[in-house]
Amino acid sequence: MMIVLSGAIGAGKSSLATVLSEHLGTEAFYEQVDNNPVLPLFYKDPKKYAFLLQIYFLNKRFESIKKAMVQDNNVLDRSIYEDSLFFHMNADMGRATPQEVKVYDELLANMMQELPYAAAKKAPDLLVHLDISYDTMIHRIEKRGRSYEQPEQDPTLPEYYHNLLSRYDGWYDDYDYSPKMKIDGDKYDFVENPEDRQKVLDLIDEQLRVRGTLD
Ligand SMILES: Nc1ncnc2c1ncn2[C@@H]1O[C@H](COP(=O)(O)OP(=O)(O)O)[C@@H](O)[C@H]1O
Ligand SMILES: Nc1nc2c(ncn2[C@H]2C[C@H](O)[C@@H](COP(=O)(O)O)O2)c(=O)[nH]1
């Protein structure tokens, strides 16, 4: 069983990956963030580093999917399908050239063909999307405390985060690689509230059962 999580920055993907993998007895595969050397550079100078960051993430994501596919059951804390959303948004903000976009799009398309999903003709069993409001997003970004993501570090970040959230709405609606479901990330505190955690797990189990992935 392969479950992929999606959602904006601070939506709760890593937290849910831990909760869900413990619940299902599977392994969680996390996005590499704290040891990503390009991410702080990107937040300091997005125009200079947007393309490099994107290639860095794509490479790491590919590596992580290959590792995950060696296991029969796994949970991935962000889908490869979201990478393009980030890059195209940055490109539309003038942080990447049309040539960089073309190179990236072609590389991504090539890599997608090589993915174990493609080789096994197998998409994820379920995409679980964590839907959050802007206020929740900011609250969680502050709670987690990565310095370069804090809105007070950079007056352009609030607009960046608003744009990201609105792109995610269209992205989720268009996503059709696998079955999908949305969780209201504002409503359920699956980190600190055991009842909420159980409700979220029940919602996911129900979707897995309906689709015959869980007995
Ligand atoms: N549903 C939730 N309710 C309350 N706090 C949450 C929830 N999801 C995540 N958090 C908190 O928000 C911060 C960001 O969560 P994280 O899982 O790292 O998000 P993501 O991986 O999507 O960026 C963390 O401090 C985490 O404890
Ligand atoms: N420009 C891009 N930034 C990205 C991409 N994937 C993740 N990120 C950034 C956003 C956050 O600051 C950080 C980690 O994301 P979380 O949602 O896990 O908190 O990395 C990307 O493809 N392009």
Side-chain angles (χ1 to χ4, degrees), residues 4-21 28-62 64 75-96 100-101 104-105 107-108 111 128-133 135-151 153-154 156-157 160-161 163-165 167-168 171 182-201 203-204:
V4 292
L5 307 182
S6 65
I9 304 165
K13 300 176 296 299
S14 306
S15 309
L16 185 58
T18 304
V19 167
L20 191 55
S21 59
F29 290 84
Y30 299 99
E31 191 173 50
Q32 301 292 310
V33 176
D34 293 331
N35 54 0
N36 177 336
V38 190
L39 197 55
L41 299 176
F42 165 77
Y43 277 94
K44 223 171 170 181
D45 189 347
K47 206 165 174 170
K48 185 166 176 191
Y49 290 104
F51 182 69
L52 178 62
L53 178 64
Q54 215 54 48
I55 298 296
Y56 182 93
F57 267 121
L58 182 57
N59 187 35
K60 292 290 168 192
R61 190 102 52 219
F62 198 71
S64 156
V75 179
L76 277 95
D77 93 342
R78 173 171 262 133
S79 72
I80 194 165
Y81 308 109
E82 291 158 85
D83 288 13
S84 176
L85 176 165
F86 271 92
F87 190 49
H88 279 260
M89 184 178 99
N90 277 285
D92 291 346
M93 295 168 78
R95 296 164 165 191
E100 286 171 330
V101 173
Y104 178 78
D105 285 350
L107 177 62
L108 179 62
M111 288 176 93
V128 180
H129 180 65
L130 287 166
D131 196 24
I132 49 165
S133 63
D135 287 349
T136 298
M137 184 186 196
I138 296 301
H139 176 70
R140 302 259 173 86
I141 285 172
E142 286 170 356
K143 182 177 172 194
R144 184 174 54 200
R146 285 183 200 135
S147 59
Y148 48 81
E149 291 175 349
Q150 304 308 312
Q153 295 289 323
D154 173 356
T156 69
L157 278 177
Y160 185 74
Y161 292 153
N163 286 344
L164 194 63
L165 281 177
R167 294 226 181 193
Y168 259 105
W171 175 87
K182 221 182 236 192
I183 302 272
D184 185 339
D186 287 359
K187 184 170 164 189
Y188 299 109
D189 179 350
F190 46 78
V191 173
E192 294 188 24
N193 181 327
E195 281 176 21
D196 280 3
R197 191 176 312 140
Q198 194 52 54
K199 278 185 201 151
V200 166
L201 291 173
L203 288 170
I204 297 173

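Counting starts at 1 for both ligands and their atoms, following the listed order.
- Checked by distance only, ligand 1 and G12 come closer than 3.5 Å through their nitrogen or oxygen atoms.
- Atom 13 (C) of ligand 1 has its closest protein heavy atom at R140 O, 3.7 Å.
- Below 3.5 Å of separation, one finds no N or O of I9 facing any N or O of ligand 1.
- Looking only at heavy atoms of the protein, atom 22 (O) of ligand 2 is closest to Q54 NE2, 2.7 Å.
- Of the protein's non-hydrogen atoms, the one nearest atom 2 (C) of ligand 2 is F86 CD2, 3.5 Å.
- R144 contributes atom CZ, which lies 7.5 Å from atom CD1 of I9 (distance to the nearest 0.5 angstrom).
- The heavy atom nearest to atom 4 (C) of ligand 2, considering only Y56, Y30, Y43, F57, is found in F57.
- Residue contact check for ligand 1: G7 places no non-hydrogen atom closer than 4.0 Å to it.
- Residues D92 and R167 are paired through a salt bridge, judged by an N-O separation under 4.0 Å between the basic side chain and the carboxylate.
- Comparing heavy-atom distances from atom 19 (O) of ligand 2 across R146, K13, E149 singles out R146 as nearest.
- Looking at N90 against ligand 2, only its side chain comes within 4.0 Å, counting heavy atoms.
- No side-chain heavy atom of Y49 sits under 4.5 Å from any side-chain heavy atom of R95.
- Numbered from 1 in the order shown, with element, the atoms of ligand 2 that lie under 4.0 Å from a heavy atom of V33 read 14 (C).
- A salt bridge between R197 and E192 is absent, with no side-chain N of the basic residue lying under 4.0 Å from a carboxylate O of the acidic one.
- For the pair G10 and ligand 1, the shortest N or O to N or O distance falls below 3.5 Å.
- Ring geometry, Y43 versus Y160: the interplanar angle exceeds 60°, so the pair is classed perpendicular (tilted spans 30 to 60°).
- Heavy-atom contacts from other residues, nucleotides or ligands closer than 6.0 Å to NZ of K182 number more than 12.
- Between S14 and ligand 1, an N or O atom pair is found at a separation short of 3.5 Å.
- Of all atoms in ligand 1, listed by their number and element, those nearer than 4.0 Å to a heavy atom of S15 are 9 (C), 15 (O), 16 (P), 17 (O), 26 (C).
- Of all atoms in ligand 2, numbered sequentially from 1 with element shown, those under 4.0 Å from a heavy atom of L39 are 9 (C), 13 (C), 20 (O).
- The atoms of ligand 1 that sit less than 4.0 Å from any heavy atom of Y188 are 1 (N), 2 (C), 3 (N).
- The nearest heavy-atom contact from the protein to atom 23 (O) of ligand 1 is R144 NH1, 2.6 Å.
- For ligand 2, the atoms sitting less than 4.0 Å from at least one non-hydrogen atom of L53 are 1 (N), 2 (C), 3 (N), numbered in the order shown with element in parentheses.
- Proximity to D189 (heavy-atom distance under 4.0 Å) selects the following atoms of ligand 1: 1 (N), 2 (C), 3 (N), 4 (C).
- Residues L107 and M111 have side chains in contact (heavy-atom distance under 4.5 Å, counting atoms from C-beta outward).
- For the 3.5 Å distance criterion, the side chains of Y168 and D131 fail to qualify, holding no donor opposite an acceptor.
- In summary, the atoms of ligand 2 found under 4.0 Å from a heavy atom of F42, numbered by their order in the structure, are 1 (N).
- Of the listed residues (K13, K60, R61), just one forms a side-chain hydrogen bond (donor to acceptor under 3.5 Å, both in side chains) with E31, and that residue is R61.
- Looking at ligand 2, you won't find any N or O of S14 less than 3.5 Å from one of its N or O atoms.
- Nearest protein neighbour of atom 27 (O) of ligand 1, counting heavy atoms only, is K143 NZ, 3.7 Å.
- Put simply, the side chain of D196 gets close to the backbone of D189: a donor and an acceptor are under 3.5 Å apart.
- Interface atoms of ligand 2 facing E31, defined by a heavy-atom separation under 4.0 Å, are 6 (N), 7 (C), 14 (C), 15 (O), 16 (P), 18 (O).
- Of all atoms in ligand 2, numbered sequentially from 1 with element shown, those under 4.0 Å from a heavy atom of R78 are 6 (N), 7 (C), 15 (O), 16 (P), 17 (O), 18 (O).
- Residue V191 places a heavy atom under 4.0 Å from ligand 1.
- Put simply, the side chain of S6 does not reach to within 4.5 Å of the side chain of V128, judged on heavy atoms.
- Counting only N and O atoms by type, the side chains of D154 and T156 include a donor and acceptor under 3.5 Å apart.
- Within ligand 2, counting atoms from 1 as listed, the ones closer than 4.0 Å to a heavy atom of R144 are 19 (O).
- Considering only heavy atoms from C-beta on, M89 comes within 4.5 Å of L164 through its side chain.
- Checked by atom type and distance alone, the side chain of E82 pairs as donor or acceptor with a backbone atom of G7 at under 3.5 Å.
- Between the side chains of Y104 and S84, no donor N or O sits under 3.5 Å from an acceptor N or O.
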